[in-house]
Amino acid sequence: MPTETFEFQVEARQLLQLMIHSVYSNKDVFLRELVSNASDALDKLRLEKLRDDSLDADTSDPHIEIDADAESRTLTVRDNGIGMSYDEVGRLIGTIANSGTAKFLEELREAKDAAGAEGLIGQFGVGFYSGFMVADEVTLLTRRAGETQGTRWTSRGEGTYTLERVDDAPQGTSVTLHLKPADPDNQLHDYTSPWKIREIIKRYSDFITWPVRMTPERSATAGEGDEAPAPETLNSMKALWARPRGEVSDEEYHELYKHVGHDWRDPLETIRLQAEGTFEYQALLFLPAHAPHDLFTRDYRRGLQLYVRRVLIMDECEALLPPYLRFVKGVVDAADLSLNVSREILQQDRHIEMMRRRLSKKVLSTVKEMMAADQDRYATFWREFGAVLKEGLITDPENRDAILAVASFAGTHHDTEPTTLKDYVERMKDGQEDIYYLTGESRQSIENSPHMEAFRDKGIEVLLLTDPVDEVWTDAVGEYEGRKLRSVAKGRIDLDAQGEDSAGSEREKRTDEYAGLLDWMKERLEDDIKDVRLSSRLTVSPACVVSDAADLTPALENMYRAMGQEVPRAKRILELNPDHQLVKGLNQAYKEREDRTELAETAELLHGLAVLAEGGQPKEPARFVKLMADRLERAL
């Protein structure tokens, strides 16, 4: 068969050079990655066979085989799994554009320590290329199950690779590494050494479902007629979730997490669950210590591994946890589920729904326990995953109270320490009925908002919410333990009315005093606002804009538009501070002047300044700048 030569994709070539020339403290990870790839291939074959009984594939003895040849300096990792077709080899091995490579390269270059660098290998699905850390040449021989022709791929990692169709390839995939000379000073061990191979497999791959076998070296004194030594199985193959807690070390749990979570760091928390009764299942879940960079992207891979009686049924079963718990990794092993159902039917299966509800509650109760027992670990969890967990306040009313119980928020009570809603309520002032909050891009921008002035002046605590989801869940939840959640930037807020009998009459007096100006400004600015009124929330700023109680905020309007939804732009309300000298002067000038041309410009500028103060932008920025420049020039 003819051999064709191809060039690597640019990013793949860059990655290969980094693999070959960068120094890692632990090059052993290459074998972990190759064994994991082989295990995945066996899992996929089992799935394919379940979906298609007519598939011509041998599944009688699924296993992974390691063959070391000290004389020829080669190490081969072989499986009899799903294999790859000729086109798949070219697409999956020759290019890695869909493996997050650009992000991988960036983080690999910026890795501060060797441990971080080696862990990144497995994080982006580029484990195959780690073989070039220890090999001068890599040969891959593969045949997809059900096909008759195989493929040989060969490369020295120097920018090109060759592809050749072969007729005598066994089912599955074998990766042969032509090893570099051992160099212990640079942590390059002799990977043909049986003890080294045993050490790596025991450390990284003991939990692999399939047997990892190695044929011992033939004794030098063995005769020609002596039988070859039987292969030894290097891994225990015993599912960690099925073993008693006392028999499993934290290190073993952590290695399982790294395998299923594609993470190089230890998990923050390990969660075990065993359900008994009419429907039995076991679950081993993990809370990561860090949020992945793509957690909020459409392509984020989520879902737990679903097993039935130790057989992998689905690698990423999204139905087992709601989307707001998509960061949770782990495995679920059920004693009895139908094996011949499609993905759509499986998602509607009552047992799946039963597990989903139980697993969700277990995760939330674990976070609550962490919150009570270890504030530092809880703080890490909430910092990394609080924003995504709050999505459940919108989508999961059944668990809303449980989510609120583990939620914490920045607030004006403390500069750095967050607060719970429970603690907020306990600190509420006498006469305060509502829980106040304000949303914005950052704590600093919220604290500098004009809407905060009266609350700061009166010492009333305000929650400072900076995640985009905060714009939505606060409206969806509405209240906490009978206390309304109220945005300080929406509706009327009269803090003077709380406990002061004279507040009503004073407000009426001022409204009468400013009635003419308010009506005139409302008419002049009617294209931009729905009303002008006096404010009780301002103490320093001359004006602010607020949304009506039932209207969407500008941030929420923009969020919906970004998602492709058409929403009408709501006019807002301009509030004036009657104690500010600018507003007093404007009112006096309105009463005294018949020519109000300049006053109209002042009103327009006042509205623009109010919009800017909350982080918005005037409708016509160029006109606003011109009016401001002209006014400043006349003031000189």
Side-chain angles (χ1 to χ4, degrees), residues 368 371-372 375 382 386 390 393 400-440 443-466 470-471 473-511 533-541 543-550 553 573 575-580 614:
K368 187 174 183 179
M371 189 180 193
Q375 273 293 316
W382 191 255
K390 284 186 288 188
L393 295 171
R400 181 173 289 169
D401 289 343
I403 299 172
L404 285 175
V406 300
S408 58
F409 314 94
T412 55
H413 177 71
H414 198 283
D415 290 340
T416 57
E417 296 296 326
T419 183
T420 63
L421 292 179
K422 180 176 180 294
D423 290 340
Y424 179 102
V425 170
E426 291 177 353
R427 289 193 298 267
M428 285 173 59
K429 290 183 173 295
D430 292 340
Q432 181 181 342
E433 298 179 353
D434 302 325
I435 298 172
Y436 293 108
Y437 71 89
L438 184 59
T439 60
R443 179 181 183 120
Q444 182 179 10
S445 66
I446 297 175
E447 288 182 323
N448 291 332
S449 169
H451 302 106
M452 296 286 294
E453 292 175 1
F455 292 88
R456 185 184 303 111
D457 188 54
K458 294 183 178 295
I460 297 176
E461 185 175 354
V462 179
L463 301 179
L464 313 176
L465 309 181
T466 57
D470 294 328
E471 292 281 355
W473 76 259
T474 44
D475 281 339
V477 173
E479 64 175 38
Y480 172 75
E481 294 187 351
R483 309 276 187 171
K484 288 184 179 179
L485 296 170
R486 292 197 61 186
S487 169
V488 303
K490 293 184 70 173
R492 286 187 180 273
I493 292 180
D494 192 353
L495 301 180
D496 290 330
Q498 298 182 10
E500 297 183 17
D501 296 335
S502 61
S505 59
E506 178 66 20
R507 185 167 55 252
E508 290 179 7
K509 180 179 177 181
R510 286 199 165 186
T511 299
R533 66 191 183 203
L534 298 183
S535 178
S536 61
R537 70 186 92 209
L538 297 174
T539 61
V540 177
S541 300
C544 68
V545 285
V546 300
S547 299
D548 224 346
T553 63
I573 299 167
E575 289 192 351
L576 304 182
N577 179 2
D579 293 323
H580 196 280
E614 69 162 7

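Hydrogens, waters and symmetry mates are skipped; everything else that's a heavy atom, side chains included, is used. Along the sequence shown, the residues carry numbers beginning at 1.
- Separating the CZ atom in R483 from the CG atom in D434 is a distance of 8.5 Å, to the nearest 0.5 Å.
- The two residues L538 and A454 have their closest heavy-atom pair at N-CB, 4.4 Å.
- From T474, atom OG1 reaches atom NZ of K390 across 9.5 Å, with rounding to the nearest 0.5 Å.
- Atom CG in D401 sits 9.5 Å away from atom CG in L393 (nearest 0.5 Å).
- At a threshold of 4.5 Å between non-hydrogen side-chain atoms, the residues T420 and M371 count as touching.
- Residue R486 holds its CZ atom at 4.5 Å from CD1 of I493, rounded to the nearest 0.5 Å.
- A side chain to side chain donor-acceptor pair (under 3.5 Å) with S449 holds for exactly one of E453, H451, E447; it is H451.
- The shortest heavy-atom contact between T539 and N577 is C-ND2, 3.7 Å.
- Here the closest heavy-atom approach between residue V425 and residue I435 is recorded as CG2-CD1, 3.9 Å.
- Within 6.0 Å of atom CD in E479, more than 12 heavy atoms from other residues, nucleotides or ligands are found, so the atom counts as buried in its surroundings.
- Under the side-chain contact (heavy atoms from CB on, under 4.5 Å) test applied with I573, the options K490, R533, R492 reduce to a single match, R533.
- The line from OG1 of T466 to CD of E471 is 11.0 Å long, rounded to the nearest 0.5 Å.
- Under the ring pair (Phe, Tyr, Trp, His ring centres under 6.0 Å) test applied with F409, the options W473, Y437, Y424 reduce to a single match, W473.
- Across C544 and V546, no two heavy atoms sit closer than the pair SG-CG1, 4.0 Å.
- Of all heavy-atom pairs between P578 and R510, the closest is CG-NH1, 3.1 Å.
- Side-chain contact between E481 and L421 is absent, with no heavy atoms from C-beta onward closer than 4.5 Å.
- Of all heavy-atom pairs spanning R443 and T412, the tightest one is NH2-CA, 4.4 Å.
- Taking CG from L576 and OG from S541, the interatomic distance works out to 12.0 Å, rounded to the nearest 0.5 Å.
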